[in-house]
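Worksheet: the structure to be examined is printed underneath.
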Amino acid sequence: QVQLVESGGGLVQAGGSLRLSCAASGRSFNNNAMGWFRQAPGKEREFVATINWSGLGTFYAEDSKGRFTISRDNAKNTVYLQMNSLKFEDTAVYYCAAARRTEYSAYFRDYIYWGQGTQVTVSS
């Protein structure tokens, strides 16, 4: 059974940092691009960051640039999202996803496996 399990969410003050992890099991995703998305209450799910299969290519949503860093450890089948300078507006459930392709993508349609999400709450 393929699973993506996110962890590392929690409550943090504005300006603080969190590091999310996404551990994959059931199969290797070393040849798949991975992504992070988020969904705030009352809003649609939106793209946050993505990384290609090797980890050498990344792409960020405009609001994530300069604050968030996506990375991966293929030996551990794990993807990370380092979030710094957090803002109240970053409050959301954060989802990890695995793409059907090797190169990164910001599009939902390219993702075939999704985790259950981890809550990030930023207090102002």
Side-chain angles (χ1 to χ4, degrees):
Q1 181 182 359
V2 176
Q3 279 191 311
L4 298 176
V5 179
E6 301 95 337
S7 62
L11 174 64
V12 64
Q13 288 189 330
S17 299
L18 282 174
R19 188 194 195 202
L20 306 183
S21 298
C22 171
S25 61
R27 58 160 282 186
S28 169
F29 288 101
N30 291 353
N31 294 319
N32 299 75
M34 302 292 291
W36 285 96
F37 296 79
R38 68 185 183 187
Q39 188 166 17
K43 296 186 177 181
E44 293 187 352
R45 193 171 298 191
E46 64 179 7
F47 165 72
V48 175
T50 179
I51 189 167
N52 75 345
W53 70 276
S54 69
L56 296 179
T58 59
F59 182 72
Y60 296 90
E62 196 62 35
D63 189 52
S64 303
K65 288 180 183 178
R67 299 189 302 125
F68 295 180
T69 302
I70 188 171
S71 62
R72 66 190 298 163
D73 184 339
N74 283 345
K76 296 182 179 179
N77 220 15
T78 301
V79 179
Y80 305 96
L81 185 69
Q82 177 67 43
M83 303 188 295
N84 299 328
S85 302
L86 283 162
K87 303 183 289 188
F88 175 76
E89 299 75 39
D90 294 318
T91 296
V93 177
Y94 283 71
Y95 297 91
C96 169
R100 68 176 83 246
R101 47 189 273 169
T102 57
E103 291 308 312
Y104 58 66
S105 171
Y107 299 105
F108 299 121
R109 63 174 180 262
D110 288 329
Y111 290 84
I112 53 175
Y113 295 106
W114 293 82
Q116 293 300 306
T118 185
Q119 177 70 47
V120 171
T121 303
V122 184
S123 62
S124 57

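The chain is numbered in sequence order, starting from 1.
- Under the 4.5 Å side-chain contact rule for hydrophobic residues, L4 and Y80 do not share a cluster.
- In this structure, the side chains of F29 and N74 stay at 4.5 Å or more apart for every pair of heavy atoms.
- With hydrogens and angles ignored, the 3.5 Å screen pairs a side-chain donor or acceptor of E6 with a backbone N or O of G117.
- Under a hydrophobic-cluster definition in which Ile, Leu, Val, Met, Phe, Trp and Tyr are linked whenever side-chain heavy atoms come within less than 4.5 Å, directly or via other members, W36 and F47 are assigned to different clusters.
- Atom-to-atom distance recorded for S85:OG and R67:CZ is 7.0 Å, nearest 0.5 angstrom.
- Judged by distance alone, the side chain of D90 and the main-chain N or O of K87 form a donor-acceptor pair under 3.5 Å.
- At a threshold of 4.5 Å between side-chain heavy atoms, the hydrophobic network of Ile, Leu, Val, Met, Phe, Trp and Tyr places W53 and Y104 in two separate groups.
- Between E62 and K65 there is a salt bridge, since at least one side-chain N of the basic residue sits less than 4.0 Å from a carboxylate O of the acidic one.
- A chain of hydrophobic side-chain contacts below 4.5 Å, direct or via other Ile, Leu, Val, Met, Phe, Trp or Tyr residues, connects V48 to Y113.
- Two residues are said to be in side-chain contact when any heavy atoms from C-beta on lie closer than 4.5 Å; L20 and S7 fail this criterion.
- Below 30°, between 30° and 60°, or above 60°: for W114 and Y95 the angle between ring planes is above 60°, a perpendicular geometry.
- Remark: the backbone N or O of N52 is paired with a side-chain donor or acceptor of R72 at under 3.5 angstrom.
- A donor-acceptor contact shorter than 3.5 Å links the side chain of T118 to the backbone of G9.
- Proximity of T69 to L81: side-chain heavy atoms (C-beta onward) are nowhere separated by under 4.5 Å.
- In this structure, CZ in R38 is found 5.5 Å from OG in S64, a value given to the nearest 0.5 Å.
- Crowding of Q116 atom CD: a count of heavy atoms from other residues, nucleotides or ligands under 6.0 Å not exceeding 12.
- Contact annotation: the side chain of R27 approaches that of N32 to within less than 4.5 Å [non-hydrogen atoms, C-beta and beyond].
- A donor-acceptor pair under 3.5 Å is absent between the side-chain atoms of D110 and the main chain of A99, judged by distance alone.
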Applying side chain to side chain donor-acceptor pair (under 3.5 Å), run through S17 and N84 and close with a yes or a no.
CA-CA 4 Å; S17 299; N84 299 328; 2.9 Å; yes
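- Closest heavy-atom contact between S124 and A14: CA-CB, 4.3 Å.
- Environment of CZ in F108: crowded, with over 12 heavy atoms of neighbouring residues, nucleotides or ligands closer than 6.0 Å.
- Judged by distance alone, with hydrogens and angles left aside, the side-chain atoms of Q13 form no donor-acceptor pair with the main-chain N or O of S123 at under 3.5 Å.
- The cationic atom of R100 (NZ for Lys, CZ for Arg) does not lie both less than 6.0 Å from the six-membered ring centre of Y111 and within 45° of the ring axis.
- Connection of F37 to M34 is not established within any shared hydrophobic cluster, with ILVMFWY side chains joined at heavy-atom distances below 4.5 Å, either directly or through further cluster members.
- Under a 3.5 Å cut-off, the side chain of T91 and the backbone N or O of E89 do not form any donor-acceptor pair.
- Of all the heavy atoms in V12 and L86, the pair that sits closest is CG1-CD1, 3.6 Å.
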